[in-house]
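For reference, the structure discussed in these notes is given below.
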2 protein chains.
Amino acid sequence: MTKRSDQVTDALKQLITEHKLKPGDRLPQEKELTEQFAAAKGTIREALKALETQGLIITRTGPGGGAFVADVPPDRAMSLLANYFYFKDITIHDIYQLRVNLEPELAASVVGRLSEDDFRRLQTTMTIYDAPPTNQSEEHAQRLAELSFHEVLVDLCPNPILSFTCHFLLGLLKNLRLCHDIYDLPNPALWETGRHYQMQLLGALKRESEPEVRRIMREHMVRAEALMQAQETIVLDQFLASPRARKGG
Amino acid sequence: MTKRSDQVTDALKQLITEHKLKPGDRLPQEKELTEQFAAAKGTIREALKALETQGLIITRTGPGGGAFVADVPPDRAMSLLANYFYFKDITIHDIYQLRVNLEPELAASVVGRLSEDDFRRLQTTMTIYDAPPTNQSEEHAQRLAELSFHEVLVDLCPNPILSFTCHFLLGLLKNLRLCHDIYDLPNPALWETGRHYQMQLLGALKRESEPEVRRIMREHMVRAEALMQAQETIVLDQFLASPRARKGG
DNA sequence: AGATATTTGTTCGTATGTATT
DNA sequence: TAATACATACGAACAAATATC
């Protein structure tokens, strides 16, 4: 038997779609809902909480307050999706199999859409890894900055699905345990090639040459995957070896 | 000030990650949680409801019952993500920009992994659109069956991210209002080419020729996009024209 | 099969916090 | 400042589901 609160959740969702409610529109108050659904406050609140965690509504207290339909924030959508992958173990190849094919599209989709300000943003992020890193934490920071170059493209991409997917993949690279371990290893080649390709990419974007943008980004991704995978094997070997090593003293 | 129930939600999430709880493991009971967090029952229940909505836990009543860590079901992850795109208007090109680049990878990733039974499944789905459709509802059904061909590939794909993304795109094609409208239009070319490419694909999969599989699937997607886009313009024109037409009688 | 114990699910009444007027 | 309207939180009781004996 489905729970009463879940029934209310579904009913409220239907109410939103049927009445074509838009972000900002208000739902009935808790008191009204208790009457409409003949359910107690607690039950109604659980139903609203479900919608709130989905990002579909936000609630405000005080006069004129209540539950308001909301645009799901990208961050929330990303963390909800990240939950799905939490118990699967993701490999570098899993991530780059998508990046190799999608990042070129992403870059191509912004050709001719960059303002002077956008170019400055790209150039600014590149200055962070202008010089080779001197210590480990600096190297770690540079890796994250390198990713933010791609986040600028994500912001400008007109395709919401492509943009979100690439953004999510960047989130995995930023947050996954495996990736943190990889970033902790020194990797001058990764710094060198990342810098190299992004310089080339910036030029191609300025020339507004879509084929070149596509080609450069693809090469960039293929190269990055190879370098990351090399480190992945090291990290995984360490992981396999360490329990033994500890036991052995 | 952040809500008490949200604090509890975060604390419970942290508890799961820190104790490395895996699917099947139990969380403390409501009663214990009220004591541990010095919060009322309703507050605890709202926190648990948030985790339940995310698909991170399921709850069971009775002795030995409680909240159990769960693997997020793919369906739930998909519908949570679909919420994000609910208020964005997605175009055919948005969807196919990803499909053109990912479906070839998907197909390539299953080469050499198909059992006799899998081949039968593929062949069975193809029989549904063996003959040209005679009426509109039959045509609509065939379109959905055509998509289920790709769902077989999704099931076999070893890359969880690629598999999920392609699955999600199929979900959009199945559920989006725009796509339903498109499927309602007669389109013999779509039937013809879909059938054609899937026959070819089946052959290439049997020969285990990865380059061919990739090439055929890409052509299939490029062709499908063109046909779908042609219908998209018709549907959108209708949509723009219809208010006028109604008013005019 | 039926009684019982355990645990979540639901209800109601009340009190507190917060933002608007 | 005070009054008002709304969500948020507390606490006790009851209902429903389910495993065990």
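Computed from a predicted model, the values in this text were never measured in an experiment. Sequence lines set the chain letters: A, B, ... in the order given, protein chains first and strands last, and positions in each chain run from 1.
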Margin query: On DNA chain D, compare the nucleotides closest to A:Met1 and A:Pro28; which residue's is nearer the 5' end?
Written below: A:Pro28
Margin query: Judged by each residue's nearest nucleotide on DNA chain D, which is more toward the 5′ side, B:Arg60 or A:Arg26?
Written below: A:Arg26
Starting at atom [atom1] of [X], determine the distance to atom [atom2] of [N], rounded to an integer number of angstrom.
{"X": "B:Leu33", "N": "C:dT8", "atom1": "CG", "atom2": "C1'", "result": "12 Å"}
{"X": "B:Lys31", "N": "C:dT7", "atom1": "NZ", "atom2": "P", "result": "8 Å"}
{"X": "B:Arg4", "N": "C:dT16", "atom1": "CZ", "atom2": "P", "result": "17 Å"}
{"X": "B:Phe68", "N": "C:dT8", "atom1": "CZ", "atom2": "P", "result": "9 Å"}

Notebook entry, point to check: If you look at every strand shown and take non-hydrogen atoms under 4.0 Å, does A:Glu30 touch a base, only sugar-phosphate, or nothing?
Noted result: base
Item checked: Terminal contacting nucleotides, 5' and 3', DNA chain D versus chain A (heavy atom, 4.0 Å) -> D:dT4 to D:dA9
Are there more than 12 heavy atoms of other residues, nucleotides or ligands under 6.0 Å from atom [atom1] of [X]?
{"X": "A:Glu116", "atom1": "CD", "result": "no"}
{"X": "B:Lys174", "atom1": "NZ", "result": "no"}
{"X": "B:Lys88", "atom1": "NZ", "result": "yes"}

Is the shortest distance from a Lys or Arg side-chain nitrogen in [X] or [Y] to a carboxylate oxygen in the other one below 4.0 Å?
{"X": "B:Lys41", "Y": "B:Glu46", "value": "no"}
{"X": "B:Asp117", "Y": "B:Arg120", "value": "yes"}
{"X": "B:Lys3", "Y": "A:Glu52", "value": "yes"}

Checklist line | Along DNA chain C (nearest heavy atom to each residue), the more 5'-positioned of B:Gly66 and A:Pro63 | finding: B:Gly66
Next item on the list: Applying side chain to side chain donor-acceptor pair (under 3.5 Å), run through B:Gln7 and B:Thr2 and close with a yes or a no.
Entry: CA-CA 7 Å; B:Gln7 293 175 14; B:Thr2 65; 3.2 Å; yes
Next item on the list: Please list, by residue number, the residues of residues 36-53 of chain A whose heavy atoms come closer than 4.0 Å to an atom of DNA chain C; answer none if no residue qualifies.
Entry: A:Ala38, A:Ala39, A:Ala40, A:Lys41, A:Thr43
Note to self: Distance alone, cut at 3.5 Å: any donor-acceptor contact between the side chains of B:His150 and B:Glu103?
What the structure shows: yes
Check: What do you reckon, are the aromatic ring centroids of A:Phe168 and B:Phe164 less than 6.0 Å apart?
Finding: no
